Number of protein chains: 2
Amino acid sequence: MTENSPPADSGTLRPRRSEATRAAILRAALARFAADGYERATIRAIARDAGIDPSMVMRYYGSKEGLFRAASEIDLRMPDFSGVRPAEAGEALVRHFLQRWEEDDSLAAMLRVGLASGLDEGRQQALLEGQVGPAVARFCAAAADVPRRTALVASQMIGMAVLRYLVEVPAVTSMTHDEVVAWLAPTVQRYLTAENP
Amino acid sequence: MTENSPPADSGTLRPRRSEATRAAILRAALARFAADGYERATIRAIARDAGIDPSMVMRYYGSKEGLFRAASEIDLRMPDFSGVRPAEAGEALVRHFLQRWEEDDSLAAMLRVGLASGLDEGRQQALLEGQVGPAVARFCAAAADVPRRTALVASQMIGMAVLRYLVEVPAVTSMTHDEVVAWLAPTVQRYLTAENP
DNA sequence: AACGTAGGCCAACGACTGTTGACCGTCCAG
DNA sequence: CTGGACGGTCAACAGTCGTTGGCCTACGTT
């Protein structure tokens with residue numbers, strides 16, 4: 001009932017001319033959610049941006065919450081760090097996050113919206129465990145430490161993202177990538193590899 | 001017009017029996033904004049919590065946004081750090097923030113709501129400059145560095161607050177104050193006093 | 001050529017919102 | 001004793017929202 005799934009026959013069977021519309025809706029939704037937050041972003045406005053009728057949004061995504069869920073799939077695209085020397089792990093991580101944030105607005109957007117109202121409970125935790133965790137695990141010996149070290153690394157990266165991309169504090173936005181790395185990399189490095197203090 | 005100011009004769013002249021109601025509204029508003037976010041928190045619900053009619057909220061605070069502005073006055077209560085040795089600055093700051101966050105729910109609440117939608121633009125920046133800045137300035141020599149070092153310190157503290165009080169990541173909430181301090185204090189210390197890298 | 005179906009629009013419903021204005025009791029000053 | 005301001009309630013307005021169901025059109029298949 002509420003589960004208005006995508007076309008049951010997924011993908012390559014038929015051309016499915018509607019895929020373009022589907023994508024347009026998703027793109028518009030992402031932009032609106034990012035700019036206005038979950039509540040202020042109206043389905044009507046999203047539909048208008050996508051150039052279609054609001055009812056189409058319901059048809060394709062079932063409900064506003066369904067649309068949001070579809071739009072807020074975050075992929076940090078953590079690269080393969082196997083070639084990185086342990087001593088450079090901090091720098092590698094900080095650089096990756098900086099680059100990722102700035103090549104994809106939706107990350108900052110979803111940071112804002114995700115924090116705003118606990119709509120997708122446990123989603124952020126899954127993101128930590130599923131995406132950041134494995135990368136952290138590659139650099140720290142004791143497996144039992146991974147969750148804590150992951151969270152510590154995340155705390156620094158999220159805090160930086162908040163100030164640089166959400167609040168947009170001048171003292172932070174004016175820093176170059178290299179400067180940010182110079183300050184944050186040692187911190188992250190310590191969270192990754194320092195002995196339990 | 002929109003400026004529905006508090007009683008023009010401020011304070012001690014007359015008993016102003018309504019101050020109790022005013023405070024009750026503010027308390028209820030804070031709790032609702034914290035729990036539900038700005039949009040979901042309705043004036044009707046706040047009024048119900050405060051035990052009065054929704055129209056009283058309008059009378060006293062002019063509009064929902066006015067109420068929010070009044071409810072989101074944040075005071076970090078930065079103590080006097082003049083007796084703290086420079087080498088212990090990081091620990092002192094981290095401990096203060098931890099204690100402050102946990103004695104006053106409204107801080108985490110306003111972190112959430114404040115980030116959610118840019119209602120009070122520049123408010124957070126004023127908070128950094130006005131409250132965190134002076135404390136940081138006490139520990140770093142070059143005055144020109146203060147904004148940047150302030151922002152760096154804030155980035156780590158805000159990131160920790162997000163994970164510990166908003167997302168409530170188990171790996172973070174399970175840490176004791178001492179453990180948090182042990183991990184974060186060196187970071188903050190470095191942001192305060194390390195040479196520009 | 002006939003037809004089922006997918007893609008899409010239109011108009012409306014019901015609920016809920018912030019906000020307003022009219023009204024009422026109670027206390028204090030004159 | 002009387003009038004006015006204060007603290008407060010009630011009911012309503014106007015607007016917007018998510019969501020729904022009916023209807024239309026074009027196209028691919030048979």
Side-chain angles (χ1 to χ4, degrees), chain A residues 1-26 28-29 32-33 35-71 113 117 119, chain B residues 1-26 28-29 32-33 35-71 113 117 119:
Chain A
M1 217 24 132
T2 52
E3 198 68 12
N4 195 337
S5 54
D9 54 306
S10 62
T12 55
L13 275 181
R14 315 240 173 126
R16 289 293 177 191
R17 187 165 45 90
S18 67
E19 280 304 315
T21 302
R22 235 198 174 74
I25 293 177
L26 213 62
R32 282 287 176 180
F33 281 136
D36 305 336
Y38 180 76
E39 323 278 348
R40 289 188 137 99
T42 70
I43 287 198
R44 283 174 163 88
I46 292 171
R48 198 177 327 124
D49 288 359
I52 45 95
D53 191 86
S55 62
M56 290 276 85
V57 178
M58 304 301 298
R59 227 185 236 293
Y60 286 148
Y61 294 97
S63 69
K64 183 179 183 181
E65 192 176 336
L67 173 62
F68 176 73
R69 240 190 292 272
V113 180
S117 60
L119 248 188
Chain B
M1 222 13 140
T2 52
E3 198 66 12
N4 196 337
S5 53
D9 54 308
S10 63
T12 57
L13 274 182
R14 316 241 172 126
R16 290 290 176 194
R17 188 162 45 89
S18 67
E19 280 304 315
T21 302
R22 234 198 176 73
I25 293 176
L26 213 62
R32 280 289 175 180
F33 281 137
D36 304 336
Y38 180 77
E39 324 278 348
R40 288 189 137 98
T42 70
I43 288 198
R44 284 174 162 88
I46 293 172
R48 198 179 326 125
D49 288 358
I52 45 95
D53 191 87
S55 62
M56 298 301 317
V57 178
M58 304 301 297
R59 226 185 236 293
Y60 286 148
Y61 294 97
S63 69
K64 184 179 182 181
E65 190 176 337
L67 173 63
F68 176 72
R69 237 190 295 271
V113 180
S117 60
L119 249 186

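Just so it is clear: chains get the letters A, B, ... in the order the sequence lines come, proteins before strands, and each one is counted from 1. In this text, all values refer to a predicted model and were calculated from it rather than measured experimentally. In what follows, every heavy atom counts, from backbone to side chain, and hydrogens, waters and symmetry copies are set aside.
R32(A) has its CZ atom 15 Å from the C1' atom of dC17(D), to the nearest Å. Rounded to an integer number of Å, the gap from CG of D36(A) to P of dG18(D) is 12 Å. Protein atom CE of M56(B) is 16 Å distant from nucleotide atom C1' of dG18(C), rounded to whole Å. Atom P of nucleotide dG18(D) and atom CZ of F68(A) are separated by 14 Å, given to the nearest angstrom. Atom P of nucleotide dA15(C) and atom CD of E39(A) are separated by 20 Å, given to the nearest angstrom. I25(B) has its CD1 atom 13 Å from the C1' atom of dT9(D), to the nearest Å. If you take OH of Y61(A) and P of dG8(C), they are 12 Å apart, rounded to a whole angstrom. R22(A) has its CZ atom 9 Å from the P atom of dG7(C), to the nearest Å.
When distances are taken from the side chain of T42(A) to each of dC17(D), dC9(C), dT17(C), the shortest belongs to dC17(D). Distance from the side chain of R59(B) is smallest to dG8(D) among dT19(C), dT19(D), dG8(D). Comparing dC17(D), dG22(D), dG8(D) by their closest approach to the side chain of R44(A) singles out dC17(D). Looking at the side chain of Y60(B), the nearest of the listed nucleotides dG18(C), dG8(D), dG18(D) is dG8(D).
Both the sub-6.0 Å distance and the 45° axial angle are satisfied by R22(A) relative to the ring of Y61(A).
Dashed line: the shortest gap from a side-chain N or O of S55(B) to OP1 or OP2 of dG21(C) is not under 4.0 Å.
Between S63(B) and M58(B) the shortest heavy-atom distance is CA-CE, 3.7 Å. Minimum interatomic distance between A47(B) and V57(B) (heavy atoms only, all atoms of both residues): CB-CG2, 4.2 Å.
Residues that satisfy the side-chain hydrogen bond (donor to acceptor under 3.5 Å, both in side chains) test with S55(A), not counting sequence neighbours, are D53(A). For A50(B), the side-chain contact (heavy atoms from CB on, under 4.5 Å) partners two or more places apart in sequence, or in a different chain, are A24(B), I25(B), A28(B), I52(B). For D49(B), the salt bridge (Lys or Arg N to Asp or Glu O under 4.0 Å) partners two or more places apart in sequence, or in a different chain, are R32(B).
Within the 4.0 angstrom heavy-atom criterion, no nucleotide atom of any strand lies near A45(B).
Listed in residue order, the members of residues 47-54 of chain B having a heavy atom less than 4.0 Å from DNA chain C come to none.
Of the inter-residue distances, the one linking I46(A) atom CD1 with F33(A) atom CZ reads 4.5 Å to the nearest 0.5 angstrom.
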